[in-house]
Asks: 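Pasting a structure below so you can have a look.
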Amino acid sequence: MGSRVNPSRNKTPLTSPHSSTSPVDNPILPDLPVGEMRSTLQDWYQQQGRKLPWRNHPHPYPIWVSEIMLQQTQVKTVIPYYYRWLEAFPTVEKLAQADQQQVLKVWEGLGYYARGRNLHKAAQKIMQDFGGQFPDTLAKVLTLPGIGRTTAGGILSAAFNQPVSILDGNVKRVLARLTALSVPPRQAVSQLWQLSDRLLDPEQPRDYNQAIMDLGATICTPKNPACLLCPWQQYCQAYHQGIQTQIPMRETKAPLPHKNIGVAVIRNAEDEILIDRRLDEGLLGGLWEFPGGKIEENETIEDCIKREIQEELGIAIAVEDHLITLDHAYTHFRVTLNVYNCRHLEGKPQAIECQEIRWVSLEEIDQFPFPKANSQIIDALRKAQT
DNA sequence: TACCCGTGGGG
DNA sequence: TCCCCAAGGGT
């Protein structure tokens, strides 16, 4: 709690008013023993590095897939998805030929679904523009959707042993502590990239990049870093100052807004259920869902559901009994889903605010990719049926 | 350039 | 229970 910081307070040094360069301007240490640091890190990596499925792979495709899955996602979460993905789409060509719904079904549950859609689009671009070969230059790799500077460096170093630096969450944290960075990393991105460039081992860039990420993931962890086991302990300013748990400094964050949502499970005379496919852009793009919307002030859940279904699908329904209420947290807000069983009364459903609409049975609903919160609704439907 | 974009696990 | 954060990129 003592590490929570108001960023504005850090823009001016509390100390000497005469100092012309604050740590923000120059967090780079003047005399880092770069060669020695590379050597100690590489030695540590040979002994303590993680064995991961995509390491030392001869082909860039599996490495690329792993890099995309690992964006903002922990290794443990990624591994089963990684294997399933390569089974479903063993080559760039197979991925390019798949349709988006297959792709999203395999990605289902992993989150940040634009990653899956971009992987798919990039595979098609590789087939069209690069003759089916994953590109091996930084400029070309950066033209692929879903690949930024860090992911490009990760792929080029791992697949081709090219000396391209990275600045992911692990590296940011390691370098912030190494320099006892006195501002949140976001305010020093340019300087951190310079430091990352400087430290990168030009002789063994593949192992160096993997090593510094392993260091961040297993030793220089966000909480309770294992400084006594760290190969860079002697170079670490945060450790020497005893402030390693306070760095990197955090941004102040506004509390998450909460939305109350009415959700309809609509059945027709054949006992089929109405689902809709969301637009490709934005939250949960391209996934299927049960229709519904935000409950306005002074509106009952029943009124909300009837109104939303009329607006979104152009049909009249009867709202019947309560199925389930569940809470879910997204990155920028929380929701409570109030789910009700409903009956279709009249009108043909139209895709007004979505891409597509289907009447489906509970048996065939598994074929469609749903976001996590909606999967819980499906579970509840199955339970209610038996 | 801030803000948007999921989900699971740890403390 | 709640907050934090994880191999970031797109706009």
Side-chain angles (χ1 to χ4, degrees), chain A residues 1 3-4 7 49-50 52-55 63-82 104 107-119 121-122 141-158 164-174 184-187 189-190 192-193 196 209-218 220-225 245 248-258 278-287 289 327-335 369-376:
Chain A
M1 79 176 170
S3 56
R4 181 177 286 279
R50 295 176 291 180
L52 299 174
W54 42 84
R55 274 197 182 152
I63 293 170
W64 169 39
V65 170
S66 74
E67 289 288 339
I68 301 301
M69 288 185 170
L70 286 162
Q71 288 170 2
Q72 301 294 99
T73 310
Q74 293 187 337
V75 166
K76 194 197 323 180
T77 303
V78 163
I79 286 176
Y81 281 91
Y82 171 79
L104 288 176
W107 199 272
E108 181 182 42
L110 194 52
Y112 286 140
Y113 296 91
R115 294 183 297 170
R117 298 196 305 273
N118 282 333
L119 208 38
K121 283 188 229 166
V141 169
L142 286 173
T143 67
L144 297 172
I147 300 184
R149 190 171 170 185
T150 284
T151 301
I155 296 170
L156 288 169
S157 61
V164 186
S165 67
I166 59 177
L167 189 63
D168 71 324
N170 287 312
V171 178
K172 271 183 196 160
R173 186 172 55 257
V174 169
R186 199 170 56 75
Q187 297 179 27
V189 167
S190 171
L192 288 169
W193 271 109
S196 181
N209 277 344
Q210 297 301 312
I212 192 170
M213 284 192 285
D214 276 16
L215 188 70
T218 66
C220 196
T221 50
K223 293 168 186 171
N224 304 318
T245 60
M249 292 191 170
R250 297 189 189 115
E251 310 276 356
T252 55
K253 286 176 185 171
L256 296 182
H258 180 269
R278 297 173 60 90
L279 301 179
D280 274 344
E281 304 306 315
L283 185 73
L284 306 169
L287 273 68
E289 67 176 1
D327 293 311
H328 193 79
Y330 295 99
T331 308
H332 285 278
F333 62 96
R334 304 172 188 283
V335 292
F370 282 88
K372 205 64 192 174
N374 280 248
S375 300
Q376 293 179 250

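Residue numbers begin at 1 in each chain, while the letters A, B, ... track the order of the sequences. Note that the coordinates shown come from a computational prediction; the quantities given were computed from them, not determined experimentally.
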Asks: On the side chain of A:R186, is there an atom forming a donor-acceptor pair with the base of B:dA2 - under 3.5 Å, no angle test?
Replies: no
Asks: I'd like to know if A:R55 and A:D214 make a salt bridge, using a cut-off of under 4.0 Å between side-chain N and carboxylate O.
Replies: yes
Asks: So which one's nearest nucleotide on DNA chain C is more toward 5', A:P255 or A:R55?
Replies: A:P255
Asks: Does A:G216 reach a base, just sugar-phosphate, or nothing at all? Heavy atoms under 4.0 Å.
Replies: nothing
Asks: Would you mind classifying the nucleic acid contact of A:E108 as base, sugar-phosphate or nothing, using non-hydrogen atoms under 4.0 angstrom?
Replies: nothing
Asks: Pick base, sugar-phosphate or nothing for A:W54, based on heavy-atom distances below 4.0 Å to the nucleic acid.
Replies: base
Asks: Looking only at atom C1', what distance separates B:dC5 and C:dA6, rounded to whole Å?
Replies: 14 Å
Asks: A:I155 CD1 to C:dG8 P: how many Å, rounded?
Replies: 13 Å
Asks: Looking at A:R250, I'd like to know whether one of its side-chain N or O atoms comes within less than 4.0 Å of OP1 or OP2 on C:dC5.
Replies: yes
Asks: Heavy atoms only, 4.0 Å cut-off, all strands: where does A:R173 land among base, sugar-phosphate and nothing?
Replies: sugar-phosphate
Asks: Select base, sugar-phosphate, or nothing to describe what A:K372 touches, counting heavy atoms under 4.0 Å on all strands.
Replies: sugar-phosphate
Asks: Tell me: CZ of A:F333 to C1' of C:dC3, nearest whole Å?
Replies: 18 Å
Asks: With rounding to the closest Å, how many angstrom separate the P atoms on C:dA7 and B:dC3?
Replies: 24 Å
Asks: Between the protein and nucleotides 9-11 of chain C, are there any N/O to N/O pairs under 3.5 Å, and if so, what are the atom names and distances?
Replies:
{"residue": "C:dG9", "atom": "OP1", "partner": "A:G148", "partner atom": "N", "Å": "2.9"}
{"residue": "C:dG9", "atom": "OP1", "partner": "A:G148", "partner atom": "O", "Å": "3.4"}
{"residue": "C:dG9", "atom": "OP1", "partner": "A:T151", "partner atom": "N", "Å": "2.9"}
{"residue": "C:dG9", "atom": "OP1", "partner": "A:T151", "partner atom": "OG1", "Å": "2.6"}
{"residue": "C:dG10", "atom": "OP1", "partner": "A:G146", "partner atom": "N", "Å": "2.6"}

Asks: Contact class for A:I68 vs. all strands (heavy atom < 4.0 Å): base, sugar-phosphate, or nothing?
Replies: nothing
Asks: Which one, C:dC5, B:dG6, C:dA7, comes nearest to the side chain of A:D168?
Replies: C:dA7
Asks: Answer with yes or no whether A:T77 presents, from its side chain, a donor or acceptor under 3.5 Å of a partner atom in the base of B:dG8.
Replies: no
Asks: Counting only N and O atoms by type, is there a donor-acceptor contact under 3.5 Å from the side chain of A:S157 to the main-chain atoms of A:G154?
Replies: yes
Asks: Considering every strand and a 4.0 Å limit on heavy-atom distances, what is the contact class for A:G285: base, sugar-phosphate, or nothing?
Replies: nothing
Asks: For the pair A:Y330 and A:H328, name the ring-plane relationship: parallel under 30°, tilted 30 to 60°, perpendicular over 60°.
Replies: perpendicular
Asks: Under 4.0 Å between a side-chain N or O of A:H332 and OP1 or OP2 of B:dC5?
Replies: no
Asks: If you pin A:D214 and A:K223 to their nearest nucleotides in DNA chain C, which one's is more 5'?
Replies: A:K223
Asks: Would you mind reading off the distance between A:Y330 atom OH and B:dG6 atom C1', rounded to a whole angstrom?
Replies: 8 Å
Asks: Which pairs with one or both residues in residues 141-150 of chain A pass salt bridge (charged side-chain N to carboxylate O under 4.0 Å, His left out), sequence neighbours excluded?
Replies: A:R149-A:D197
Asks: Check whether any side-chain nitrogen or oxygen of A:H328 sits under 4.0 Å from OP1 or OP2 of B:dG6, and answer yes or no.
Replies: no
Asks: For A:N374, check side chain to side chain donor-acceptor pair (under 3.5 Å) against everything at least two apart and list the hits.
Replies: none
Asks: Scan A:L256 against the nucleic acid and name what it touches under 4.0 Å (heavy atoms): base, sugar-phosphate only, or nothing.
Replies: nothing
Asks: Nearest of B:dC5, C:dC5, C:dA7 to any side-chain atom of A:Y112?
Replies: B:dC5
